[in-house]
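Heads up, the thing below is written out as structure tokens.
Protein chains get the first letters and strands the later ones, always in sequence-line order, with residue 1 at the start of each.
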2 protein chains.
Amino acid sequence: MNLRDFRYLLAVTEYGHFGRAAQACGVSQPTLSVQLRKLEEQLGLALFERDRKTVVPTSACERLIGHVRAAVAEADAILAAARDLCDPLAGNFRLGIIPTLAPYLLPLVFAPLREALPTLTLEPWEDQTLTLLDRLRAHELDAALLATEVDGTEFTSQPLFDEPFLAALPPEHPLAAREVVAESDLAQDILVLADGHCLRDQALAACGQGGTLGGALGGTLRAASLSTLLSMVAAGYGTTLIPGLAAGTAQDMGIVLRPLKERTGRTVRLAWRSSFPRRAAAEAVGRVIGDRLRGFAAATGPI
Amino acid sequence: MNLRDFRYLLAVTEYGHFGRAAQACGVSQPTLSVQLRKLEEQLGLALFERDRKTVVPTSACERLIGHVRAAVAEADAILAAARDLCDPLAGNFRLGIIPTLAPYLLPLVFAPLREALPTLTLEPWEDQTLTLLDRLRAHELDAALLATEVDGTEFTSQPLFDEPFLAALPPEHPLAAREVVAESDLAQDILVLADGHCLRDQALAACGQGGTLGGALGGTLRAASLSTLLSMVAAGYGTTLIPGLAAGTAQDMGIVLRPLKERTGRTVRLAWRSSFPRRAAAEAVGRVIGDRLRGFAAATGPI
DNA sequence: CCGATCCGATAGACCCTGGCTATCGAGGCA
DNA sequence: TGCCTCGATAGCCAGGGTCTATCGGATCGG
């Protein structure tokens with residue numbers, strides 16, 4: 001039993017004439033005769049009453065024809081849907097983004113993405129690195145914007161741009177007087193994010209990994225978001241190290257920003273499953289974001 | 001694109017494993033791999049993301065899967081319906097019957113038919129011969145019970161039983177005194193049915209075709225039904241000639257019945273389109289009716 | 001009454017396709 | 001490192017779908 005046979009069947013019921021039905025189907029008349037005869041044998045019933053003059057569907061055929069029409073319609077729907085879906089640059093694209101990047105990057109790239117990939121619907125999803133990787137693994141995300149290396153063969157990643165870190169200081173802080181701040185100087189009273197944020201680890205590493213954390217809150221505060229962290233800095237509770245894209249927000253809060261001596265930073269990259277079939281979409285998204293942010297390191301380096 | 005491929009697709013989405021899906025489909029694993037690869041190429045999109053460890057449907061596949069399921073379900077519905085319909089002795093059977101036969105024959109054969117062919121649903125349709133033949137031609141009837149010869153190759157017919165005619169007389173009628181009535185004696189004051197009833201023509205033929213019709217109403221009455229005709233006879237307006245099966249009804253009305261000298265009668269036959277594919281059903285119906293009415297001529301001949 | 005025409009069925013040949021087995025290649029695990 | 005699993009690939013074969021050519025029967029027009 002075959003969808004093609006169903007189309008033949010519908011053509012014959014429509015035209016009441018094997019020859020014209022065959023023409024409509026783009027096959028020869030014997031082909032239709034033979035195939036429909038076979039279909040009748042498979043179903044064990046006569047589908048047409050062949051009179052010398054006319055070809056009339058039997059009552060059994062009329063009982064079946066609704067299902068036949070439905071089956072063919074579903075097949076056509078599959079083809080039509082496939083046509084819509086076959087462009088890898090169209091459709092939904094579920095993009096994971098780490099929380100220290102999302103609020104500052106998304107506003108910059110949303111419009112360019114929409115312009116460059118008008119048929120792609122971006123579905124951003126904000127979570128920490130490990131969660132994003134889990135969701136990638138579970139096929140719940142198509143790709144993720146991360147600030148860490150991705151190793152192993154499971155994922156493929158593409159570096160998009162370098163984002164320098166900046167020292168974030170309360171205006172009255174002693175270090176605020178300097179033009180450039182050494183990473184190690186921040187260690188004294190640095191405030192950091194909660195566990196799981198890659199920025200936390202990177203900030204600690206930059207300021208001298210095992211170094212003792214000074215300050216009143218350095219050892220206890222585990223800010224859940226960069227926004228909270230900035231508020232604490234603005235309130236004078238300590239210093240921190242922020243990603244360059246957050247500079248504008250920090251400045252608006254009255255925080256003093258200084259470039260770092262070692263020019264420490266992070267590389268933002270896009271990662272996807274190596275087996276992800278819409279690699280083209282991932283690369284296109286990466287390219288648009290990269291193009292928009294290229295030269296960001298140079299521009300904000302000296303502020 | 002093929003229903004078989006759809007089944008393969010559903011199996012793989014269900015099992016997430018080519019080998020097991022192949023087993024469930026009763027084919028080898030390479031067969032599934034190849035066919036699904038082809039399907040992907042035809043649709044122009046990836047249906048599965050093949051990881052070394054798992055086989056996961058792509059989001060495009062999940063968009064399509066509903067239609068795929070529906071198409072397969074419709075195909076299965078066709079098979080199931082065909083199984084129900086493939087017995088020619090099952091289902092509806094639209095049976096045309098002439099009006100001078102229907103009310104007297106149907107009560108006799110309905111129960112035997114139901115018993116002999118329990119899966120066959122009889123749909124009786126009462127009309128005059130020519131209308132029945134038109135409806136047969138138009139595939140609006142499956143077969144028809146007639147009392148006339150059917151010639152030509154368009155229809156096939158099967159004689160079921162012979163039905164003798166009887167003279168129907170008012171009790172006080174002079175002919176009622178005789179044991180047997182000659183057909184020609186009825187001509188004097190015979191009442192007949194309206195045009196189109198085969199019984200009208202047969203009655204006139206029996207009583208001497210072109211002979212002048214006597215009596216007050218003979219020339220003008222065109223009874224629409226045998227029932228009307230019998231009422232007129234019972235009321236003493238004239239005589240008539242009735243089919244044997246109507247004997248009981250006529251006697252109940254006080255009409256005197258007498259056998260005819262020439263033993264004129266009609267043959268009831270079942271007719272269907274020669275191309276009718278459920279010939280078996282028609283023949284079965286004919287056989288049951290014939291069996292029930294066989295020997296009717298002999299039994300009612302002498303009353 | 002006979003040839004022309006139409007229509008569906010049939011026959012025979014060809015080629016594609018879908019199925020198989022055998023094997024490969026890449027990971028994962030002991 | 002060697003074995004096992006699993007999907008992909010290769011190569012072969014059989015069956016089925018399609019074609020052209022033709023038949024058989026019926027209708028129609030001259």
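We find that B/Arg7 and B/Asp76 are joined by a salt bridge, their nearest charged nitrogen and carboxylate oxygen being less than 4.0 Å apart. Between A/Arg94 and A/Glu123 there is no salt bridge, since none of the side-chain N atoms of the basic residue sits less than 4.0 Å from a carboxylate O of the acidic one. Between B/Glu40 and B/Arg37 there is a salt bridge, since at least one side-chain N of the basic residue sits less than 4.0 Å from a carboxylate O of the acidic one.
The CD-P distance, from B/Glu154 to D/dT27, rounds to 9 Å in whole Å. Rounded to an integer number of Å, the gap from A/Asp51 CG to D/dG24 C1' is 15 Å. Note: CD (B/Glu40) to C1' (D/dG7) measures 12 Å, nearest angstrom. One interatomic measurement links the two molecules: CD of A/Gln42 to C1' of D/dG16, which rounds to 11 Å at whole-angstrom precision. Protein atom CG of B/Leu36 is 15 Å distant from nucleotide atom C1' of C/dT17, rounded to whole Å. Distance CG (B/Leu32) to C1' (D/dT9): 15 Å, rounded to an integer number of Å. Taking atom CG of residue A/Leu39 and atom P of nucleotide D/dG16, one finds them 15 Å apart after rounding to whole Å. Regarding B/Asn2, its CG atom lies at a distance of 10 Å from the C1' atom of C/dG18, rounded to whole Å.
Where B/Thr153 and A/Gly26 each meet DNA chain D at their nearest nucleotide, the meeting point lying more 5' is that of A/Gly26.
Under the 3.5 Å distance criterion, the side-chain polar atoms of B/Arg273 are matched with a main-chain donor or acceptor of B/Leu141. Side chain of B/Ser157 to main chain of B/Arg269: no donor-acceptor pair is present (N/O by atom type, distance under 3.5 Å, no hydrogens or angles).
Between A/Ser28 and D/dC19 there is a side-chain N or O to OP1 or OP2 distance below 4.0 Å. B/Lys38 has a side-chain polar atom (N or O) that falls below the 4.0 Å cut-off from OP1 or OP2 of C/dG18. Under 4.0 angstrom from either OP1 or OP2 of D/dA8 there lies at least one side-chain N or O belonging to B/Arg37. Between B/Arg4 and C/dT17 there is no side-chain polar atom (N or O) within less than 4.0 angstrom of OP1 or OP2. Remark: A/His17 is in phosphate contact with C/dG8, judged by side-chain N or O atoms under 4.0 Å from OP1 or OP2. At least one side-chain nitrogen or oxygen of A/Arg50 sits closer than 4.0 Å to the OP1 or OP2 atom of C/dA9. Checking the phosphate oxygens (OP1, OP2) of D/dG7, no side-chain nitrogen or oxygen of B/Ser33 falls inside 4.0 Å. Put simply, A/Thr31 has a side-chain N or O that comes within less than 4.0 Å of OP1 or OP2 on D/dC19.
In summary, the side chains of A/Thr100 and A/Arg266 do present a donor paired with an acceptor at a separation below 3.5 Å, with no hydrogens or angles considered.
The side chain of B/Gln35 lies closest to C/dG18, out of C/dC20, C/dG18, C/dA9. When distances run from any side-chain atom of A/Pro30 to the nucleotides C/dT10, D/dT18, C/dG8, the shortest one goes to C/dT10. In the set D/dG16, C/dC20, D/dG7, the nucleotide with an atom closest to the side chain of B/Val27 is C/dC20.
Using a 4.0 Å heavy-atom cutoff across all strands shown, B/Tyr8 reaches sugar-phosphate atoms only and no base atom.
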